[in-house]
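Notes to accompany the following structure.
Atoms within a ligand are numbered from 1 in the order they appear, just like the ligands themselves.
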Amino acid sequence: MLFVNFLRPILRNPKILMQMRRISVRSNGFSTAVKRGRTLVLRQSLTGLFLLGSFLASAVEGSAAGRAGNEDLQRWLNTEKHIAVERLMRNISPKDGARGAVIASPSRSNPDYYFHWVRDAALTMDAVITLYQTAARPSLKSTYLQGLFDYAEFSRSNQVASTLTGLGEPKFYVDGAPFDGPWGRPQNDGPALRAIVLTRFANLLLEQGQTDYVRRALYDSAIPSGSVIKADLEFVSHHWRNASFDLWEEVMGDHFFTRMTQRKALIEGAKLARRLGDIGAADWYLRQAYLIQGEMEKFWRPDAGILIATTHYRGGLDYKTSNLDVAVMLGVMHGYAGDGFLSYSDPRVLSTLDRLNQVFARLYPINQRSESLGVAIGRYPEDLYGGTHFNAGNPWVLATLAAAEVSFRAAEEFENIGKRSSAVRLREQGDAFLARVKYHANPDGSLSEQMDRHSGYMTSAHDLTWNYAAFISALHARGNLK
Ligand code: NOJ
Ligand code: NOJ
(Lines give C-alpha, C1' and ligand atoms only; values in the text may rest on other atoms or scores of the structure.)
(Ligands and ions follow the chains in the order given, each with its own letter.)
Protein backbone atom coordinates (compact mmCIF):
# COMPACT_ATOMS: atom_id res chain seq x y z
CA MET A 1 0.00 0.00 0.00
CA LEU A 2 2.65 2.46 1.10
CA PHE A 3 4.77 1.34 -1.77
CA VAL A 4 1.96 2.00 -4.21
CA ASN A 5 1.37 5.45 -2.72
CA PHE A 6 5.03 6.22 -3.13
CA LEU A 7 4.95 5.13 -6.77
CA ARG A 8 1.79 6.99 -7.59
CA PRO A 9 3.28 10.40 -8.51
CA ILE A 10 5.89 8.62 -10.60
CA LEU A 11 3.30 6.53 -12.42
CA ARG A 12 1.27 9.62 -13.19
CA ASN A 13 4.16 11.48 -14.73
CA PRO A 14 3.65 11.26 -18.50
CA LYS A 15 7.40 11.37 -19.27
CA ILE A 16 8.23 8.52 -16.92
CA LEU A 17 5.27 6.61 -18.29
CA MET A 18 6.58 6.88 -21.84
CA GLN A 19 9.91 5.61 -20.61
CA MET A 20 8.25 2.67 -18.92
CA ARG A 21 6.24 1.86 -22.00
CA ARG A 22 9.48 1.65 -23.99
CA ILE A 23 10.97 -0.69 -21.41
CA SER A 24 7.90 -2.88 -21.45
CA VAL A 25 8.01 -3.11 -25.24
CA ARG A 26 11.56 -4.38 -24.90
CA SER A 27 10.64 -6.90 -22.24
CA ASN A 28 7.82 -8.15 -24.47
CA GLY A 29 10.54 -9.02 -26.96
CA PHE A 30 12.23 -10.97 -24.19
CA SER A 31 9.11 -12.95 -23.37
CA THR A 32 8.63 -13.79 -27.05
CA ALA A 33 12.10 -15.31 -26.95
CA VAL A 34 11.10 -17.36 -23.94
CA LYS A 35 7.93 -18.51 -25.72
CA ARG A 36 10.02 -19.65 -28.66
CA GLY A 37 12.23 -21.64 -26.31
CA ARG A 38 9.18 -23.33 -24.88
CA THR A 39 7.98 -24.32 -28.33
CA LEU A 40 11.32 -26.00 -28.89
CA VAL A 41 11.00 -27.95 -25.67
CA LEU A 42 7.57 -29.08 -26.81
CA ARG A 43 8.81 -30.01 -30.26
CA GLN A 44 11.52 -32.12 -28.77
CA SER A 45 8.57 -33.68 -26.99
CA LEU A 46 10.38 -33.74 -23.67
CA THR A 47 7.01 -33.39 -22.04
CA GLY A 48 3.82 -31.34 -22.32
CA LEU A 49 3.70 -31.38 -18.54
CA PHE A 50 6.06 -28.46 -18.35
CA LEU A 51 3.58 -26.24 -20.15
CA LEU A 52 0.67 -27.51 -18.14
CA GLY A 53 2.64 -26.91 -14.96
CA SER A 54 3.58 -23.38 -15.84
CA PHE A 55 0.05 -22.68 -16.98
CA LEU A 56 -1.31 -23.84 -13.62
CA ALA A 57 1.34 -21.91 -11.73
CA SER A 58 0.51 -18.71 -13.53
CA ALA A 59 -3.22 -19.30 -13.04
CA VAL A 60 -2.67 -19.69 -9.29
CA GLU A 61 -0.46 -16.64 -9.29
CA GLY A 62 -3.12 -14.73 -11.24
CA SER A 63 -5.90 -15.55 -8.82
CA ALA A 64 -3.64 -14.80 -5.85
CA ALA A 65 -2.96 -11.41 -7.41
CA GLY A 66 -6.70 -11.02 -7.96
CA ARG A 67 -7.35 -11.83 -4.33
CA ALA A 68 -4.67 -9.42 -3.15
CA GLY A 69 -6.22 -6.79 -5.43
CA ASN A 70 -9.64 -7.40 -3.89
CA GLU A 71 -8.28 -7.16 -0.38
CA ASP A 72 -6.50 -3.99 -1.30
CA LEU A 73 -9.70 -2.53 -2.75
CA GLN A 74 -11.74 -3.63 0.26
CA ARG A 75 -9.23 -2.02 2.60
CA TRP A 76 -9.40 1.24 0.67
CA LEU A 77 -13.21 1.17 0.60
CA ASN A 78 -13.27 0.81 4.39
CA THR A 79 -10.99 3.80 4.95
CA GLU A 80 -12.59 5.85 2.21
CA LYS A 81 -16.02 5.34 3.74
CA HIS A 82 -15.04 7.29 6.86
CA ILE A 83 -13.41 10.01 4.80
CA ALA A 84 -16.44 10.35 2.54
CA VAL A 85 -18.89 10.54 5.45
CA GLU A 86 -16.77 13.06 7.30
CA ARG A 87 -16.24 15.33 4.31
CA LEU A 88 -19.84 15.07 3.15
CA MET A 89 -21.14 16.09 6.58
CA ARG A 90 -18.73 19.05 6.64
CA ASN A 91 -20.51 20.44 3.56
CA ILE A 92 -23.94 20.52 5.20
CA SER A 93 -24.96 23.65 7.16
CA PRO A 94 -21.75 25.62 6.51
CA LYS A 95 -20.76 28.06 9.27
CA ASP A 96 -21.48 31.14 7.18
CA GLY A 97 -24.77 29.80 5.81
CA ALA A 98 -28.26 28.77 6.83
CA ARG A 99 -28.85 25.46 8.58
CA GLY A 100 -29.74 22.78 6.06
CA ALA A 101 -27.91 24.42 3.17
CA VAL A 102 -25.62 21.97 1.35
CA ILE A 103 -22.65 23.42 -0.49
CA ALA A 104 -21.72 21.67 -3.73
CA SER A 105 -18.05 22.06 -2.81
CA PRO A 106 -16.05 24.29 -0.44
CA SER A 107 -14.35 25.73 -3.53
CA ARG A 108 -15.11 29.47 -3.77
CA SER A 109 -13.19 30.17 -6.96
CA ASN A 110 -11.95 28.35 -10.07
CA PRO A 111 -14.63 27.10 -10.03
CA ASP A 112 -16.98 28.75 -7.52
CA TYR A 113 -19.20 25.95 -6.22
CA TYR A 114 -20.03 27.60 -2.92
CA PHE A 115 -23.79 27.39 -3.48
CA HIS A 116 -26.70 25.18 -2.56
CA TRP A 117 -27.60 23.38 -5.79
CA VAL A 118 -31.05 21.80 -5.50
CA ARG A 119 -29.92 18.65 -7.35
CA ASP A 120 -26.62 18.10 -5.53
CA ALA A 121 -28.28 18.75 -2.18
CA ALA A 122 -31.06 16.22 -2.78
CA LEU A 123 -28.62 13.52 -3.87
CA THR A 124 -26.47 14.28 -0.83
CA MET A 125 -29.36 14.04 1.60
CA ASP A 126 -30.41 10.78 -0.02
CA ALA A 127 -27.02 9.38 1.03
CA VAL A 128 -27.60 10.84 4.50
CA ILE A 129 -30.83 8.81 4.79
CA THR A 130 -28.87 5.69 3.83
CA LEU A 131 -26.30 6.56 6.49
CA TYR A 132 -29.07 7.11 9.03
CA GLN A 133 -30.61 3.75 8.24
CA THR A 134 -27.33 1.86 8.41
CA ALA A 135 -25.71 3.64 11.39
CA ALA A 136 -25.39 1.73 14.63
CA ARG A 137 -24.51 4.53 17.07
CA PRO A 138 -27.50 6.56 18.34
CA SER A 139 -25.44 9.77 18.46
CA LEU A 140 -24.62 9.38 14.78
CA LYS A 141 -28.21 8.64 13.94
CA SER A 142 -29.38 11.83 15.61
CA THR A 143 -26.78 13.91 13.77
CA TYR A 144 -28.04 12.58 10.45
CA LEU A 145 -31.65 13.11 11.46
CA GLN A 146 -31.00 16.71 12.47
CA GLY A 147 -29.37 17.31 9.09
CA LEU A 148 -32.50 16.01 7.38
CA PHE A 149 -34.87 18.21 9.39
CA ASP A 150 -32.68 21.24 8.62
CA TYR A 151 -32.57 20.35 4.93
CA ALA A 152 -36.37 20.01 4.79
CA GLU A 153 -36.80 23.43 6.31
CA PHE A 154 -34.19 25.07 4.10
CA SER A 155 -35.81 23.48 1.04
CA ARG A 156 -39.17 24.98 1.94
CA SER A 157 -37.51 28.39 2.21
CA ASN A 158 -36.10 27.88 -1.30
CA GLN A 159 -39.59 27.14 -2.60
CA VAL A 160 -41.13 30.33 -1.26
CA ALA A 161 -38.22 32.59 -2.26
CA SER A 162 -38.97 34.73 -5.24
CA THR A 163 -36.78 33.32 -8.00
CA LEU A 164 -36.41 33.96 -11.71
CA THR A 165 -38.00 30.66 -12.74
CA GLY A 166 -40.08 29.42 -9.81
CA LEU A 167 -39.54 25.93 -8.45
CA GLY A 168 -37.15 24.93 -11.23
CA GLU A 169 -34.56 27.40 -9.95
CA PRO A 170 -31.30 25.42 -9.79
CA LYS A 171 -29.13 27.14 -7.19
CA PHE A 172 -29.16 29.35 -4.10
CA TYR A 173 -26.60 31.22 -2.03
CA VAL A 174 -25.84 29.52 1.26
CA ASP A 175 -27.98 32.03 3.14
CA GLY A 176 -30.98 30.96 1.06
CA ALA A 177 -31.12 33.92 -1.34
CA PRO A 178 -31.79 32.78 -4.91
CA PHE A 179 -28.88 33.09 -7.32
CA ASP A 180 -29.98 35.55 -9.98
CA GLY A 181 -27.01 35.77 -12.34
CA PRO A 182 -27.21 34.33 -15.85
CA TRP A 183 -27.54 30.52 -15.67
CA GLY A 184 -29.05 27.52 -17.42
CA ARG A 185 -32.53 27.68 -15.90
CA PRO A 186 -34.97 26.24 -15.09
CA GLN A 187 -33.69 22.75 -14.23
CA ASN A 188 -36.77 20.69 -13.57
CA ASP A 189 -35.02 17.65 -12.15
CA GLY A 190 -34.57 19.68 -8.95
CA PRO A 191 -38.13 19.57 -7.57
CA ALA A 192 -38.40 15.89 -8.54
CA LEU A 193 -35.20 14.91 -6.71
CA ARG A 194 -36.16 17.02 -3.71
CA ALA A 195 -39.57 15.31 -3.56
CA ILE A 196 -37.97 11.85 -3.85
CA VAL A 197 -35.59 12.33 -0.95
CA LEU A 198 -38.10 14.08 1.28
CA THR A 199 -40.71 11.39 0.58
CA ARG A 200 -38.17 8.82 1.73
CA PHE A 201 -37.68 10.96 4.84
CA ALA A 202 -41.44 11.26 5.39
CA ASN A 203 -41.89 7.48 5.22
CA LEU A 204 -39.14 7.02 7.75
CA LEU A 205 -40.77 9.53 10.12
CA LEU A 206 -44.21 7.97 9.68
CA GLU A 207 -42.76 4.63 10.76
CA GLN A 208 -41.60 6.39 13.91
CA GLY A 209 -45.04 7.87 14.52
CA GLN A 210 -44.11 11.47 13.71
CA THR A 211 -47.32 11.97 11.76
CA ASP A 212 -47.99 15.53 12.91
CA TYR A 213 -44.70 16.85 11.67
CA VAL A 214 -45.11 15.02 8.34
CA ARG A 215 -48.61 16.41 7.80
CA ARG A 216 -47.57 19.90 8.73
CA ALA A 217 -44.13 20.37 7.17
CA LEU A 218 -43.77 17.70 4.50
CA TYR A 219 -47.14 16.76 3.03
CA ASP A 220 -50.23 18.79 3.98
CA SER A 221 -52.75 17.70 1.27
CA ALA A 222 -53.61 21.38 0.68
CA ILE A 223 -53.74 23.35 -2.57
CA PRO A 224 -51.91 25.64 -2.77
CA SER A 225 -49.68 23.66 -0.50
CA GLY A 226 -47.70 25.03 2.40
CA SER A 227 -45.57 21.88 2.61
CA VAL A 228 -42.44 21.05 0.73
CA ILE A 229 -43.23 17.64 -0.84
CA LYS A 230 -46.75 18.47 -1.90
CA ALA A 231 -45.62 21.76 -3.48
CA ASP A 232 -43.00 19.91 -5.50
CA LEU A 233 -45.42 17.16 -6.56
CA GLU A 234 -47.95 19.72 -7.75
CA PHE A 235 -45.23 21.40 -9.76
CA VAL A 236 -43.91 18.14 -11.24
CA SER A 237 -47.35 16.73 -12.06
CA HIS A 238 -48.47 19.90 -13.86
CA HIS A 239 -45.24 20.88 -15.58
CA TRP A 240 -43.31 17.71 -16.44
CA ARG A 241 -43.93 18.28 -20.18
CA ASN A 242 -42.05 21.60 -20.11
CA ALA A 243 -38.57 21.73 -21.57
CA SER A 244 -35.84 22.57 -19.10
CA PHE A 245 -32.07 22.56 -18.77
CA ASP A 246 -30.42 19.19 -18.18
CA LEU A 247 -28.54 18.11 -15.09
CA TRP A 248 -25.28 19.39 -16.63
CA GLU A 249 -26.96 22.82 -16.94
CA GLU A 250 -26.09 23.07 -20.62
CA VAL A 251 -28.91 21.90 -22.88
CA MET A 252 -32.54 22.94 -23.08
CA GLY A 253 -34.85 20.09 -24.07
CA ASP A 254 -36.51 16.91 -22.75
CA HIS A 255 -34.09 14.78 -20.80
CA PHE A 256 -33.98 11.13 -19.83
CA PHE A 257 -32.56 11.98 -16.41
CA THR A 258 -35.21 14.58 -15.67
CA ARG A 259 -38.10 12.41 -16.87
CA MET A 260 -36.96 9.36 -14.89
CA THR A 261 -36.72 11.39 -11.68
CA GLN A 262 -40.08 13.05 -12.33
CA ARG A 263 -41.67 9.64 -12.86
CA LYS A 264 -40.22 8.27 -9.64
CA ALA A 265 -41.19 11.38 -7.66
CA LEU A 266 -44.81 10.96 -8.79
CA ILE A 267 -44.94 7.23 -8.08
CA GLU A 268 -43.43 7.55 -4.61
CA GLY A 269 -45.45 10.71 -4.03
CA ALA A 270 -48.66 8.89 -4.95
CA LYS A 271 -47.92 6.19 -2.37
CA LEU A 272 -47.33 8.82 0.30
CA ALA A 273 -50.47 10.73 -0.69
CA ARG A 274 -52.50 7.53 -0.39
CA ARG A 275 -50.93 6.71 2.96
CA LEU A 276 -52.02 10.15 4.19
CA GLY A 277 -55.52 9.90 2.74
CA ASP A 278 -55.06 12.35 -0.16
CA ILE A 279 -56.63 9.87 -2.58
CA GLY A 280 -57.58 12.14 -5.47
CA ALA A 281 -54.06 13.52 -5.57
CA ALA A 282 -52.59 10.01 -5.44
CA ASP A 283 -54.59 9.02 -8.54
CA TRP A 284 -53.60 12.19 -10.37
CA TYR A 285 -49.87 11.76 -9.61
CA LEU A 286 -49.97 8.16 -10.73
CA ARG A 287 -51.74 9.00 -13.97
CA GLN A 288 -49.05 11.55 -14.78
CA ALA A 289 -46.35 8.99 -14.01
CA TYR A 290 -47.90 6.60 -16.58
CA LEU A 291 -48.02 9.38 -19.14
CA ILE A 292 -44.33 10.07 -18.59
CA GLN A 293 -43.63 6.38 -19.01
CA GLY A 294 -45.32 6.44 -22.41
CA GLU A 295 -42.97 9.23 -23.46
CA MET A 296 -39.86 7.35 -22.37
CA GLU A 297 -39.87 5.06 -25.44
CA LYS A 298 -38.60 8.03 -27.42
CA PHE A 299 -35.24 7.82 -25.71
CA TRP A 300 -34.39 4.35 -27.07
CA ARG A 301 -32.38 4.27 -30.30
CA PRO A 302 -32.33 0.65 -31.47
CA ASP A 303 -29.97 1.44 -34.36
CA ALA A 304 -27.31 2.79 -32.01
CA GLY A 305 -28.21 0.46 -29.13
CA ILE A 306 -28.36 3.30 -26.65
CA LEU A 307 -30.80 5.26 -24.56
CA ILE A 308 -30.14 8.86 -25.49
CA ALA A 309 -29.89 11.79 -23.08
CA THR A 310 -32.10 14.38 -24.76
CA THR A 311 -35.01 14.64 -27.18
CA HIS A 312 -36.63 17.83 -28.57
CA TYR A 313 -33.45 19.89 -28.36
CA ARG A 314 -34.42 23.53 -27.90
CA GLY A 315 -31.16 25.32 -27.28
CA GLY A 316 -28.00 25.57 -25.25
CA LEU A 317 -24.79 23.75 -26.16
CA ASP A 318 -25.14 22.32 -29.63
CA TYR A 319 -22.16 20.02 -29.95
CA LYS A 320 -23.42 16.95 -28.09
CA THR A 321 -23.84 15.04 -31.32
CA SER A 322 -23.60 11.48 -29.98
CA ASN A 323 -26.36 12.02 -27.39
CA LEU A 324 -24.55 9.36 -25.38
CA ASP A 325 -24.36 10.46 -21.76
CA VAL A 326 -23.71 9.00 -18.33
CA ALA A 327 -26.82 10.98 -17.31
CA VAL A 328 -28.73 7.89 -18.44
CA MET A 329 -27.00 5.78 -15.76
CA LEU A 330 -27.72 8.48 -13.20
CA GLY A 331 -31.32 8.61 -14.39
CA VAL A 332 -31.74 4.91 -13.66
CA MET A 333 -29.96 5.21 -10.31
CA HIS A 334 -32.09 8.08 -9.10
CA GLY A 335 -35.22 7.45 -11.13
CA TYR A 336 -35.81 3.72 -11.08
CA ALA A 337 -39.02 3.23 -9.11
CA GLY A 338 -38.48 -0.45 -8.28
CA ASP A 339 -41.39 -1.51 -10.51
CA GLY A 340 -39.50 -3.18 -13.34
CA PHE A 341 -39.66 -0.22 -15.73
CA LEU A 342 -36.13 0.55 -16.97
CA SER A 343 -34.42 -1.30 -14.18
CA TYR A 344 -30.66 -1.67 -13.86
CA SER A 345 -30.50 -4.98 -15.71
CA ASP A 346 -32.73 -3.84 -18.57
CA PRO A 347 -30.79 -4.72 -21.75
CA ARG A 348 -31.19 -1.15 -22.99
CA VAL A 349 -29.57 0.22 -19.85
CA LEU A 350 -26.71 -2.28 -19.95
CA SER A 351 -26.02 -1.74 -23.63
CA THR A 352 -25.84 2.00 -22.99
CA LEU A 353 -23.35 1.31 -20.20
CA ASP A 354 -21.27 -0.87 -22.55
CA ARG A 355 -21.23 1.88 -25.12
CA LEU A 356 -20.10 4.47 -22.56
CA ASN A 357 -17.38 2.08 -21.52
CA GLN A 358 -16.11 1.59 -25.07
CA VAL A 359 -16.24 5.23 -26.06
CA PHE A 360 -14.50 6.58 -22.96
CA ALA A 361 -11.90 3.81 -23.08
CA ARG A 362 -10.77 5.21 -26.43
CA LEU A 363 -11.24 8.87 -25.59
CA TYR A 364 -9.14 9.46 -22.47
CA PRO A 365 -5.38 8.86 -22.43
CA ILE A 366 -5.46 7.65 -18.80
CA ASN A 367 -7.70 4.80 -19.91
CA GLN A 368 -5.06 3.51 -22.27
CA ARG A 369 -2.53 2.91 -19.55
CA SER A 370 -3.88 0.16 -17.38
CA GLU A 371 -5.99 -2.80 -18.26
CA SER A 372 -6.53 -3.87 -14.69
CA LEU A 373 -8.41 -0.70 -13.80
CA GLY A 374 -11.94 -0.03 -15.02
CA VAL A 375 -12.52 2.75 -17.52
CA ALA A 376 -12.61 6.30 -16.15
CA ILE A 377 -16.02 7.59 -17.30
CA GLY A 378 -16.88 11.15 -18.29
CA ARG A 379 -20.21 12.97 -18.62
CA TYR A 380 -20.44 12.63 -22.41
CA PRO A 381 -17.80 12.28 -25.13
CA GLU A 382 -18.05 15.82 -26.55
CA ASP A 383 -17.72 17.46 -23.12
CA LEU A 384 -15.37 20.45 -23.02
CA TYR A 385 -15.87 21.62 -19.43
CA GLY A 386 -12.68 21.24 -17.43
CA GLY A 387 -13.77 23.15 -14.32
CA THR A 388 -11.97 26.37 -15.14
CA HIS A 389 -11.52 26.10 -18.88
CA PHE A 390 -13.57 24.97 -21.82
CA ASN A 391 -11.11 23.19 -24.05
CA ALA A 392 -11.31 19.55 -23.03
CA GLY A 393 -13.57 17.63 -20.70
CA ASN A 394 -12.28 15.02 -18.30
CA PRO A 395 -13.55 11.84 -16.72
CA TRP A 396 -15.61 12.50 -13.60
CA VAL A 397 -15.51 10.72 -10.27
CA LEU A 398 -19.28 10.65 -9.86
CA ALA A 399 -19.71 9.33 -13.42
CA THR A 400 -17.25 6.49 -12.80
CA LEU A 401 -18.99 5.74 -9.50
CA ALA A 402 -22.33 5.69 -11.32
CA ALA A 403 -20.96 3.05 -13.70
CA ALA A 404 -19.90 1.04 -10.65
CA GLU A 405 -23.25 1.39 -8.93
CA VAL A 406 -25.30 0.41 -11.97
CA SER A 407 -23.05 -2.65 -12.36
CA PHE A 408 -23.64 -3.73 -8.74
CA ARG A 409 -27.38 -3.13 -8.86
CA ALA A 410 -27.72 -4.99 -12.17
CA ALA A 411 -25.69 -7.86 -10.68
CA GLU A 412 -28.09 -8.00 -7.76
CA GLU A 413 -31.06 -8.20 -10.12
CA PHE A 414 -29.41 -11.04 -12.05
CA GLU A 415 -28.65 -12.88 -8.80
CA ASN A 416 -32.32 -12.67 -7.88
CA ILE A 417 -33.30 -14.52 -11.04
CA GLY A 418 -30.47 -17.05 -10.84
CA LYS A 419 -28.29 -15.64 -13.63
CA ARG A 420 -25.07 -16.28 -11.77
CA SER A 421 -22.50 -15.75 -14.47
CA SER A 422 -23.87 -12.37 -15.59
CA ALA A 423 -23.90 -11.31 -11.96
CA VAL A 424 -20.29 -12.33 -11.38
CA ARG A 425 -19.12 -10.47 -14.47
CA LEU A 426 -20.97 -7.31 -13.44
CA ARG A 427 -19.63 -7.40 -9.89
CA GLU A 428 -16.10 -7.62 -11.27
CA GLN A 429 -16.85 -4.74 -13.58
CA GLY A 430 -18.19 -2.67 -10.68
CA ASP A 431 -15.05 -3.33 -8.64
CA ALA A 432 -12.87 -2.32 -11.58
CA PHE A 433 -14.63 1.06 -11.74
CA LEU A 434 -14.05 1.49 -7.99
CA ALA A 435 -10.41 0.54 -8.41
CA ARG A 436 -10.17 3.30 -11.00
CA VAL A 437 -11.46 5.89 -8.53
CA LYS A 438 -9.15 4.52 -5.83
CA TYR A 439 -6.18 4.93 -8.16
CA HIS A 440 -6.82 8.61 -8.85
CA ALA A 441 -8.13 9.67 -5.44
CA ASN A 442 -5.94 12.08 -3.53
CA PRO A 443 -3.65 10.39 -1.00
CA ASP A 444 -5.77 11.86 1.83
CA GLY A 445 -8.87 10.26 0.30
CA SER A 446 -10.46 13.51 -0.85
CA LEU A 447 -12.23 13.49 -4.21
CA SER A 448 -12.50 16.38 -6.65
CA GLU A 449 -15.04 16.64 -9.43
CA GLN A 450 -12.80 15.43 -12.24
CA MET A 451 -9.70 13.36 -13.06
CA ASP A 452 -7.37 14.99 -15.55
CA ARG A 453 -7.65 13.05 -18.80
CA HIS A 454 -3.86 13.10 -19.33
CA SER A 455 -2.29 12.94 -15.88
CA GLY A 456 -5.11 11.37 -13.87
CA TYR A 457 -4.73 13.94 -11.10
CA MET A 458 -7.81 15.19 -9.35
CA THR A 459 -8.97 18.46 -10.85
CA SER A 460 -11.80 21.05 -10.80
CA ALA A 461 -13.90 21.59 -7.62
CA HIS A 462 -12.29 19.88 -4.62
CA ASP A 463 -14.29 17.86 -2.09
CA LEU A 464 -17.32 17.71 -4.33
CA THR A 465 -20.19 16.78 -2.00
CA TRP A 466 -21.97 14.81 -4.72
CA ASN A 467 -18.86 12.60 -5.09
CA TYR A 468 -19.00 11.57 -1.45
CA ALA A 469 -22.72 10.87 -1.75
CA ALA A 470 -22.08 8.83 -4.90
CA PHE A 471 -19.35 6.89 -3.13
CA ILE A 472 -21.62 6.06 -0.17
CA SER A 473 -24.38 5.05 -2.54
CA ALA A 474 -22.05 2.80 -4.59
CA LEU A 475 -20.78 1.18 -1.41
CA HIS A 476 -24.36 0.53 -0.36
CA ALA A 477 -25.09 -1.03 -3.75
CA ARG A 478 -22.01 -3.23 -3.39
CA GLY A 479 -23.41 -4.60 -0.14
CA ASN A 480 -20.85 -2.92 2.11
CA LEU A 481 -23.26 -0.83 4.16
CA LYS A 482 -25.73 -2.91 6.01
C1 NOJ B 1 -21.13 25.24 -15.09
C2 NOJ B 1 -21.93 24.01 -15.06
O3 NOJ B 1 -22.16 23.63 -13.78
C4 NOJ B 1 -21.31 22.95 -15.90
O5 NOJ B 1 -22.01 21.76 -15.83
C6 NOJ B 1 -21.32 23.45 -17.28
O7 NOJ B 1 -20.62 22.55 -18.11
C8 NOJ B 1 -20.73 24.84 -17.38
N9 NOJ B 1 -21.20 25.74 -16.39
C10 NOJ B 1 -21.07 25.42 -18.72
O11 NOJ B 1 -22.43 25.63 -18.86
C1 NOJ C 1 -21.67 21.03 -12.52
C2 NOJ C 1 -22.51 19.87 -12.84
O3 NOJ C 1 -22.64 19.79 -14.22
C4 NOJ C 1 -23.88 19.98 -12.22
O5 NOJ C 1 -24.58 18.81 -12.44
C6 NOJ C 1 -23.76 20.23 -10.75
O7 NOJ C 1 -25.04 20.43 -10.21
C8 NOJ C 1 -22.88 21.42 -10.45
N9 NOJ C 1 -21.63 21.30 -11.14
C10 NOJ C 1 -22.60 21.55 -8.97
O11 NOJ C 1 -21.93 20.43 -8.51
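When only modelled atom types and interatomic distance are considered, Ser322 and Glu382 share a side-chain donor-acceptor pair under 3.5 Å.
Screening residues 455-472 for salt bridge (Lys or Arg N to Asp or Glu O under 4.0 Å) gives Arg87-Asp463 as the qualifying pairs, with residues at least two apart or on separate chains.
Remark: ligand 1 atoms within the under-4.0 Å shell around heavy atoms of Phe390 are 8 (C), 10 (C).
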Handout entry: side-chain contact (heavy atoms from CB on, under 4.5 Å) between Arg453 and Ile366, intermediate numbers included
Key = CA-CA 6 Å; Arg453 58 157 75 192; Ile366 57 169; 5.5 Å; no
Note down each nitrogen or oxygen pair, ligand 2 side and protein side, whose separation is under 3.5 Å; give only atom names and the distance to 0.1 Å.
residue, atom, partner, partner atom, Å
ligand 2, 3 (O), Arg379, NH1, 2.8
ligand 2, 5 (O), Arg119, NE, 3.4
ligand 2, 5 (O), Leu247, O, 2.7
ligand 2, 7 (O), Arg119, NE, 3.3
ligand 2, 7 (O), Arg119, NH2, 3.1
ligand 2, 7 (O), Asp120, OD1, 2.6
ligand 2, 9 (N), Tyr113, OH, 3.3
ligand 2, 11 (O), Asp120, OD2, 2.5

Name the atoms and distances for all side-chain donor-acceptor pairs under 3.5 Å in residues 328-338, with sequence neighbours left out.
residue, atom, partner, partner atom, Å
Tyr336, OH, Gly340, N, 2.9

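Side-chain contact between Phe257 and Asp189: present, with at least one pair of heavy atoms (C-beta onward) separated by less than 4.5 Å.
A search for side-chain hydrogen bond (donor to acceptor under 3.5 Å, both in side chains) contacts involving Ser446 returns Asn442, Asp444, not counting sequence neighbours.
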